[in-house]
Novice: 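Before I ask anything, here is the structure I am working with.
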Amino acid sequence: MGKVVFICTDKIGQGDEELGRKLIGSFLYSLARTEPKPEAVLFMNAGVRLACEGSPALDDLRLLAEDGVAIKSCGTCLDYHALKDKLAIGEVGNMNDTAATFMAASDVVTIA
């Protein structure tokens, strides 16, 4: 398996939240338009919000999915944030899948 992008936040970095949200949006926009594509994008913790209804990142995530990138969001995290019924792209994952994906990946890029 190739690279995996692990996103565990709905913003990049510490400090100004508005800037952090712009940065994660810019990252996903660029990722959807850059080659090579990752094999998978995994969302955990607050990152699951990016794959749910109302997220400004949905168009970019759809582009990734159309290019064959697996999009998975942590089921426990979706439950915790009361978002399981709001998942708009990809599928619900679990920790076993996440661990197996990490171990099979050639590289994991973490966005925190």
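Small disclaimer: the values here were computed from a predicted structure and weren't measured. All residue numbers refer to positions in the sequence shown, counting from 1.
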Novice: If two hydrophobic side chains count as joined below 4.5 Å and joins carry through other members, does Ile24 share a cluster with Leu83?
Specialist: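 Yes, it is one cluster - the side chains of Ile24 and Leu83 are joined through contacts under 4.5 Å.
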Novice: Could you pull out the closest heavy-atom pair between Gly25 and Asp60, with the gap in Å?
Specialist: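 Looking at all heavy atoms of both residues, the shortest contact is O-OD2, 4.2 Å.
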Novice: Looking only at heavy atoms, which two atoms of Leu78 and Cys52 are closest? And how far apart?
Specialist: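 Reported closest heavy-atom pair: CD2-SG, 3.8 Å.
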Novice: Which residues satisfy the side-chain hydrogen bond (donor to acceptor under 3.5 Å, both in side chains) test with Lys11, sequence neighbours excluded?
Specialist: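 side-chain hydrogen bond (donor to acceptor under 3.5 Å, both in side chains) check on Lys11 returns nothing, list empty.
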Novice: Check this for me: Phe27, atom CZ, are more than 12 non-hydrogen atoms of other residues, nucleotides or ligands nearer than 6.0 Å?
Specialist: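 Result for CZ/Phe27: enclosed.
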Novice: Check the hydrophobic clustering (I, L, V, M, F, W, Y; side-chain heavy atoms under 4.5 Å; chains of links allowed) and say if Leu58 and Val5 are grouped together.
Specialist: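 Same cluster.
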Novice: Verify side chain to side chain contact (heavy atoms under 4.5 Å, CB included) between Asn45 and Tyr80, making sure each step is shown before the conclusion.
Specialist: CA-CA 9 Å; Asn45 209 324; Tyr80 181 84; 5.9 Å; no
Novice: If you count the non-hydrogen atoms of other residues, nucleotides and ligands that lie under 6.0 Å from NZ in Lys3, is the total more than 12?
Specialist: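 No - once you tally the heavy atoms of other residues, nucleotides and ligands closer than 6.0 Å, there are 12 at most.
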Novice: Is it the case that one hydrophobic cluster holds both Leu64 and Tyr29, taking links as side-chain heavy atoms less than 4.5 Å apart, direct or via other members?
Specialist: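 No, it is not one cluster - the side chains of Leu64 and Tyr29 are not joined through contacts under 4.5 Å.
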Novice: Say whether Leu63 and Val69 are linked into one hydrophobic cluster, either directly or through other cluster members, by side-chain heavy-atom distances under 4.5 angstrom.
Specialist: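 No.
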Novice: Over all heavy atoms of both residues, which pair between Ala65 and Ile89 is shortest? Give the atoms and the distance, please.
Specialist: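 For Ala65 versus Ile89, the nearest heavy atoms are CB-CD1, 4.2 Å.
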Novice: To the closest 0.5 Å, what do you measure between SG (Cys74) and NE2 (His81)?
Specialist: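 Separation between the atoms: 8.5 Å.
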Novice: Any chance you could measure Thr98, atom OG1, to Lys72, atom NZ, to the nearest 0.5 Å?
Specialist: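 One finds 7.5 Å between OG1 of Thr98 and NZ of Lys72.
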Novice: Write out all pairs satisfying ring-ring contact (aromatic ring centres under 6.0 Å, His included) with one or both partners inside residues 54-73, taking only residues at least two apart or from two chains.
Specialist: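 For residues 54-73, and leaving out neighbouring residues, there are no ring-ring contact (aromatic ring centres under 6.0 Å, His included) pairs at all.
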Novice: Are side-chain heavy atoms of Leu31 and Val41 found at a separation under 4.5 Å?
Specialist: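 Yes, their side chains come closer than 4.5 Å.
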Novice: Verify the cluster assignment for Leu19 and Leu28: are they in a single hydrophobic cluster under the rule of side-chain heavy atoms below 4.5 Å apart?
Specialist: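 Leu19 and Leu28: one cluster.
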Novice: Regarding Arg62 and Glu66, does a basic nitrogen lie under 4.0 Å from an acidic carboxylate oxygen?
Specialist: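 So Arg62 does not pair with Glu66 through a salt bridge.
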Novice: At their closest point, which heavy atom of Ala112 faces which heavy atom of Thr9, and how far apart are they?
Specialist: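 Heavy-atom minimum between the residues: C-CG2, 3.5 Å.
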Novice: What distance separates Leu87 CG from Arg49 CZ, expressed to the nearest 0.5 Å?
Specialist: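 Reported value, rounded in 0.5 Å steps: 14.0 Å.
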Novice: Check whether any side-chain N or O of Ser26 sits under 3.5 Å from a backbone N or O of Lys22 as a donor-acceptor pair, and report yes or no.
Specialist: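 It does not hold such a pair.
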Novice: Side chain to side chain contact (heavy atoms under 4.5 Å, CB included) between Asp10 and Ser55: does it pass, once the steps are laid out?
Specialist: CA-CA 10 Å; Asp10 59 350; Ser55 167; over 6 Å; no
Novice: What are the two closest heavy atoms between Ser30 and Thr34, and how far apart are they?
Specialist: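 Heavy atoms only, the tightest pair is O-OG1, 2.5 Å.
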Novice: Please go through Val4's hydrophobic cluster and name the other residues, only I, L, V, M, F, W, Y counting, with side-chain heavy atoms under 4.5 Å joining them.
Specialist: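 Members besides Val4, by chain and number: Met1, Phe6, Leu42, Met44, Met95, Phe102, Val108.
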Novice: Taking all non-hydrogen atoms of both residues, which atom of Asp67 and which atom of Ala32 are closest, and how far apart?
Specialist: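 Minimum heavy-atom contact is OD2-O, 4.4 Å.
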